[in-house]
Amino acid sequence: MELRRELLTAEIIEPSTGEPVRTTIEVRFDPLTGHSSRILPERGLMPPSDFDLEAFARESQPHCPFCPGRVDRLTPRLAARIHPDGRIARGEAVLFANLHAYSSHSSVSVYSPRLHYLPLGEITQRLLTDNLATQVAFAKAVMAADPQSRWASINANHMLPSGSSLFHPHLQGIVDSQPTTMQRMLADVPPQRFDAYLDAERRSGERYLGDTGRIQWIVSFAPIAPAELRAFIGGISSPAELDDDLIGELAHGLVLILGAYAEMGFQSFNCAIYGAPPATEGYPLNLRLACRSNLKPFYRSDSTFLERLHWEGAVDLAPESVARQIGERFRG
Ligand SMILES: [Zn+2]
């Protein structure tokens with residue numbers, strides 16, 4: 001498989017010198033879905049966090065519905081046919097119904113009611129394993145109760161710039177009869193194209209992070225969002241098929257990446273684990289994870305007319321440099 005890219009050249013007249021200045025922009029094409037993305041010269045579009053997140057956490061904590069003493073009273077329970085307890089708990093993680101539905105079955109799961117403030121560098125494998133496990137149990141329970149809902153995804157809006165309306169860190173689950181656009185596009189990719197993409201990345205080595213056992217991790221060739229990574233889990237196609245070992249392996253890889261994001265100065269991210277219906281032949285369960293702008297007043301959103309309306313990624317963090325910054329954690 002050829003990882004396709006085109007180079008564009010822009011020319012301007014520099015205002016201070018009157019001299020022409022040329023810039024190169026690289027357009028890359030995603031090997032799976034064909035969407036294109038622009039890699040820009042680094043121009044500081046994603047400044048590191050200098051905002052006092054801890055102080056903001058203290059400010060928002062007194063009214064937070066996910067904190068101890070309120071979470072039981074203020075969050076909706078799951079319907080009895082999904083789960084008789086109305087909630088799913090694993091370790092400190094608690095899953096409940098999303099007050100604002102995005103699908104037939106929408107859930108929210110907190111890492112822990114006590115962790116209102118959870119910077120990326122402090123998310124541990126235990127916390128992430130337990131939280132993912134509540135979402136896997138939710139997907140299984142919904143599919144057993146409502147066999148029409150075969151499309152499951154596990155997602156994260158972490159911190160307000162990523163789309164989260166509540167500060168308290170959490171994951172979100174969707175289980176539905178209708179796939180999202182990206183779930184549909186990925187499920188339509190011929191199985192051999194996933195293999196060819198991973199082979200090409202392994203051979204090139206520039207963006208391949210590693211294989212943690214049953215999961216392969218790479219930095220996206222044509223990212224939709226800054227510092228975007230992907231992971232591929234062969235042999236299963238739905239989050240409902242994740243066993244305890246795979247959940248632990250997934251959490252391990254994600255913790256390595258979130259630690260690297262924290263070191264790179266990022267504190268907000270989105271994640272999506274794109275499920276196809278269980279036992280979809282040849283579809284590897286796969287995920288995307290990317291940074292978002294940092295939280296602070298009057299910040300610049302990383303999502304512009306290009307991403308929102310043209311469906312075209314535009315990032316100034318070269319995937320190869322992201323891979324160099326994160327790769328060591330996978331090899332170490
Ligand atoms: Zn809270």
Side-chain angles (χ1 to χ4, degrees), residues 53 57 66-67 71 87-96 98 107-140 152-159 162-164 166-175 209-219 225 227-233 236 238-264 266-275 285-292 326 329-330 332:
L53 270 182
F66 297 170
C67 272
V71 65
R87 299 180 193 287
I88 298 171
R90 291 282 186 286
E92 289 189 60
V94 187
L95 177 143
F96 39 88
N98 195 333
S107 70
V108 170
S109 57
V110 294
Y111 295 87
S112 164
R114 77 179 168 90
L115 293 170
H116 181 77
Y117 174 58
L118 180 58
L120 298 199
E122 290 176 22
I123 298 182
T124 63
Q125 187 171 344
R126 179 80 269 146
L127 289 170
L128 200 44
T129 298
D130 287 340
N131 203 353
L132 288 169
T134 66
Q135 288 290 347
V136 171
F138 172 70
K140 283 184 184 165
S153 63
I154 303 175
N155 311 282
N157 293 331
H158 194 96
M159 292 289 122
S162 68
S164 171
L166 282 169
F167 183 88
H168 197 125
H170 55 277
L171 298 177
Q172 281 181 243
I174 285 183
V175 189
L209 296 176
D211 172 345
T212 48
R214 290 162 68 191
I215 308 177
Q216 299 190 69
W217 303 82
I218 56 174
V219 174
E228 181 187 292
L229 285 100
R230 301 176 96 161
F232 296 85
I233 311 170
I236 61 165
S238 168
E241 297 169 311
L242 285 165
D243 60 31
D244 286 348
D245 284 348
L246 271 177
I247 294 171
E249 187 181 336
L250 195 51
H252 165 70
L254 290 172
V255 164
L256 294 179
I257 296 162
L258 296 177
Y261 280 179
E263 209 172 83
M264 290 158 78
F266 301 120
Q267 282 297 335
S268 180
F269 71 93
N270 285 120
C271 180
I273 302 178
Y274 304 106
L285 180 61
N286 65 93
L287 72 83
R288 261 207 191 87
L289 179 79
C291 291
R292 301 299 309 269
I326 297 179
R329 288 170 183 256
F330 276 81

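Values below: all heavy atoms of this structure, side chains included; hydrogens, waters and symmetry mates excluded.
The closest side-chain heavy-atom distance from L256 to W217 is not below 4.5 Å. I233 places a side-chain heavy atom less than 4.5 Å from the side chain of L242. Looking at heavy atoms from C-beta onward, I218 lies out of side-chain contact with L229 at the 4.5 angstrom threshold. Between Y274 and N155, the closest side-chain pair of non-hydrogen atoms is not below 4.5 Å. You'll find the side chain of S268 reaches within 4.5 Å of the side chain of S162, heavy atoms only. Counting only heavy atoms from C-beta outward, the side chains of L289 and L254 approach each other to under 4.5 Å. For the pair F96/I88, no side-chain contact is recorded, criterion being any heavy-atom separation below 4.5 Å from C-beta on. By the 4.5 Å heavy-atom criterion applied to side chains, L285 and P239 are counted as neighbours.
In this structure, CG on L287 lies 11.5 Å from OG on S153, to the nearest 0.5 angstrom. Atom CZ of residue F232 and atom CG of residue D211 lie 13.0 Å apart, to the nearest 0.5 angstrom. Summarising the geometry, atom CG belonging to D130 is positioned 12.5 Å from atom CG belonging to L95; distances are rounded to the nearest 0.5 Å. Here the CZ-CG distance, from R230 to N286, works out to 6.5 Å after rounding to the nearest 0.5 Å. To the nearest 0.5 Å, atoms CG (L250) and OG1 (T212) are separated by 8.0 Å. Between C291 atom SG and F269 atom CZ the span is 9.5 Å, to the nearest 0.5 Å.
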Give the intermediate values and the outcome of side chain to side chain contact (heavy atoms under 4.5 Å, CB included) for residues L53 and M159.
-> CA-CA 10 Å; L53 270 182; M159 292 289 122; 3.9 Å; yes
Check against side chain to side chain contact (heavy atoms under 4.5 Å, CB included), V255 and L127 = CA-CA 10 Å; V255 164; L127 289 170; over 6 Å; no
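Shortest non-hydrogen contact noted between V110 and H168 is CG1-CD2, 4.0 Å. The heavy-atom pair separating E92 from S112 by the smallest distance is OE1-OG, 2.7 Å.
Ring geometry for H170 against F66 counts as perpendicular: the plane angle is over 60°, on a 0 to 90° scale with 30° as the lower cut. Aromatic ring pairs are classed by plane angle as parallel below 30°, tilted from 30° to 60° and perpendicular above 60°; the pair H158 and Y111 is perpendicular.
A donor-acceptor contact closer than 3.5 angstrom links the side chains of Q135 and S107. The closest side-chain donor-acceptor pair between S109 and N131 falls under 3.5 angstrom. Side-chain contact of N270 with R292: a donor-acceptor pair under 3.5 Å is present, judged by distance alone.
A salt bridge is defined here as a Lys NZ or Arg NE, NH1 or NH2 lying under 4.0 Å from an Asp or Glu carboxylate O, and R90 with D244 fails to meet this definition. In this structure, R288 pairs ionically with E228, as a charged nitrogen and a carboxylate oxygen lie closer than 4.0 Å.
For the pair E241 (side chain) and S238 (backbone), a donor-acceptor distance under 3.5 Å is present. H116 places no side-chain N or O within donor-acceptor distance of the main-chain N or O of F167, the cut-off being under 3.5 Å. No donor-acceptor pair under 3.5 Å is formed between the side chain of Q267 and the backbone N or O of A262.
With E249 as the fixed residue, the side chain to side chain contact (heavy atoms under 4.5 Å, CB included) test singles out one of D243, I215, T129: I215.
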